[in-house]
Amino acid sequence: MHLKCKNLNFLYPDSKSAVINNLSFSMKNPGFNAIFGPSGVGKTSLAKIIVNKNNCFNENIITKNINIILYSYNLERLPGWLNLGKHINKVISPEKLHLKKTLIKIFELNNVLDSRFSNLSMGQQNRINLIRYLLQDFDVLIMDESLANVDEKLKGTIILAIKELFPDKMFLYISHNLMEVSKFCHKILVLGNPSQNKPCFIINGQNYKKKCFLDKKKLNITMLEIMNAL
Amino acid sequence: MLYRRIFQFLIVYIFGILFLLIIKFIFSLSDYVIPNILLIIETAAQVFKEYFFDVINTLSVTILGQCISICMAFFVGISGRKSSWIGSFIKVTAYNIQAYPIVALAPIIFILIGDGFISRLLIASMICYFPLLLSVLGIMATPVKDIEHFYIITGQMKWHLEVKIRIFENLSKLTTVISGSATLAMAGTIVAEFIAANAGIGYSIRIALYQSNLAKILIALFLIGIIISVYQGILEVIGEQIKSKWSISKKGTIL
């Protein structure tokens, strides 16, 4: 599994300066990787380009052993005419029913399956939205702030569970949380501000997994590296 | 909602009558020009039953015409929702045709089909069809990105699901447009009857006009107003029922 970006430039039609300027990076093997950077540096634009690579960016985004790329974001909504349980059952294949039960338990959503989407808190809405993506067939899942508004403890539990349950998938996690990204991610693509001519870096994260030891000193170094790269 | 509509109409109607009476007194007009209250009540006693059934006759054509125009608007709106060539063609054609006043086409319809039920139905449905079509086209052509994204990216999007999402998300707007188009359909039917039909309240108004009988016209207006208010109120209630049934949710309770 290989995701490679080569000399990518991207400019919005009504903008004078490029959002993404000559970006090149490479991410190999399944795992939890991140795209990190301040607001407006092109994280979401990059995610959308990766998803729509077949439209215009075939030469810039090169993939190997990656067929399906999904993109989820935190403002998505589920249709309001069905309750959550029925909706999830409608959008997944029958063989994923067991995985669905497991995910709902880990994501602590058992009590809200009879509710409509509009009756959930924002954190619950984001969690149920992420579950339906995890229950689809995919090779790469881009999670654009998909766990926003979820409390830190549950967020950690969810990320660790995703790593354990989907060891052969690649995740691109977009977040503004420095600690989270440094702790859980394997490769961190730090996007600098193109208007300030800041280059982009790939930094190694701590890739923390269940039952593993987390070296806090190394974690601090990773965070410092990211801060210096910005 | 139903009572509120009737109440609102009664207020407007009473103000209208008061305005006419004030003009009558200011300019000392005769009962032949503007009838007094007693004459209006006397005329009401004479023609109320006849006019009531005339309005019901008109309303039946209105309802049928509106149903036809709703079906046509949804058919064209759903077909023209895509940004493809055919979708754009349907949209542009609809926008251009609606700019032409349908009432101006009414004489052609009467010449070709003659006066009668079909002409009334055709004009009623055409008059309420175009405003309805523009709203339905607008709703159907606007994606609900935050809901549709999942289905598109996972390849699960079907045309009927897309339509269902857009209708559900714009249910309030659609209910208001459909209920509002009832007035247009009624106006269309009355105009058709007024021009050349042989039945309905528009036909009765035309006869009253030839007799210069304002009292009869005021009674006809009262019945039209009351019955269209009831009809619109019923449409709104049905819309509310559909909305609450479709998006029923377990509300929290305060303990």
Side-chain angles (χ1 to χ4, degrees), chain A residues 44 47-48 50-55 67-93 96 111-122 125-126 128-146, chain B residues 74 77-78 81-85 87-88 136 139-178 237-255:
Chain A
T44 298
K48 286 179 180 172
I50 293 170
V51 171
N52 297 308
K53 68 182 176 67
N54 293 334
N55 291 351
N67 293 318
I68 305 169
I69 305 176
L70 296 183
Y71 169 68
S72 78
Y73 61 99
N74 74 332
L75 293 173
E76 283 181 74
R77 289 188 292 138
L78 273 67
W81 63 79
L82 281 177
N83 66 34
L84 301 176
K86 282 182 183 168
H87 171 79
I88 295 289
N89 287 341
K90 275 203 155 192
V91 298
I92 63 169
S93 50
K96 301 245 167 127
N111 300 332
V112 295
L113 288 181
D114 290 331
S115 307
R116 301 288 166 126
F117 186 74
S118 58
N119 290 352
L120 305 185
S121 72
M122 286 173 81
Q125 290 182 343
N126 287 336
I128 198 76
N129 181 42
L130 182 56
I131 282 184
R132 65 179 180 157
Y133 277 96
L134 290 169
L135 292 167
Q136 305 303 312
D137 290 327
F138 67 91
D139 298 306
V140 175
L141 175 61
I142 304 173
M143 297 162 61
D144 192 349
E145 301 271 7
S146 297
Chain B
F74 271 90
I78 290 167
R81 75 190 192 285
K82 293 283 180 194
S83 51
S84 59
W85 182 87
S88 311
V136 173
I139 287 167
M140 288 300 162
T142 312
V144 186
K145 282 183 184 168
D146 49 355
I147 295 182
E148 292 177 14
H149 171 80
F150 170 79
Y151 295 102
I152 294 168
I153 205 161
T154 57
Q156 296 184 38
M157 183 58 99
K158 305 274 186 298
W159 75 267
H160 49 84
L161 179 63
E162 189 177 270
V163 169
K164 194 175 176 181
I165 290 170
R166 292 178 190 181
I167 290 178
F168 183 82
E169 289 297 311
N170 294 286
L171 211 50
S172 302
K173 219 186 273 180
L174 280 171
T175 308
T176 312
V177 168
I178 288 172
V237 169
I238 292 170
E240 283 300 317
Q241 292 284 326
I242 293 171
K243 251 189 286 178
S244 60
K245 282 244 167 77
W246 206 4
S247 56
I248 192 162
S249 58
K250 286 182 178 176
K251 299 276 177 200
T253 45
I254 299 166
L255 297 173

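Chain letters run A, B, ... following the sequence lines, proteins first, then strands; residues in each count from 1. Computed from a predicted model, the values in this text were never measured in an experiment.
- In plain terms, the two heavy atoms of A:P79 and B:Y151 that are nearest each other are CG-OH, 3.3 Å.
- In this structure, the portion of A:Q136 lying under 4.5 Å from any heavy atom of chain B is its side chain and not its backbone.
- Minimum heavy-atom separation, B:Q156 to A:K90: OE1-O, 4.5 Å.
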Output, in order, the C-alpha distance, side-chain angles, deciding distance and verdict of side-chain contact (heavy atoms from CB on, under 4.5 Å) for A:L78 and B:F150.
-> CA-CA 9 Å; A:L78 273 67; B:F150 170 79; over 6 Å; no
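- Here the side chains of A:W81 and B:I165 are in contact, with some heavy-atom distance below 4.5 Å.
- At a 4.5 Å heavy-atom cutoff, the contact between A:I69 and chain B is made by backbone atoms alone.
- Atom NZ of A:K48 has 12 or fewer neighbouring heavy atoms from other residues, nucleotides or ligands inside a 6.0 Å radius.
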Please lay out, stage by stage, how A:R77 and B:E169 fare under the test salt bridge (Lys or Arg N to Asp or Glu O under 4.0 Å).
-> CA-CA 11 Å; A:R77 289 188 292 138; B:E169 289 297 311; 3.1 Å; yes
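- Residue contact with chain B, scored on non-hydrogen atoms closer than 4.5 Å, involves the backbone and the side chain of A:Y71 alike.
- With contacts defined as side-chain heavy-atom distances shorter than 4.5 Å, the pair A:L70/B:T154 qualifies.
- In terms of heavy-atom proximity, B:D146 sits nearest to A:L75 at CB-O, 3.5 Å.
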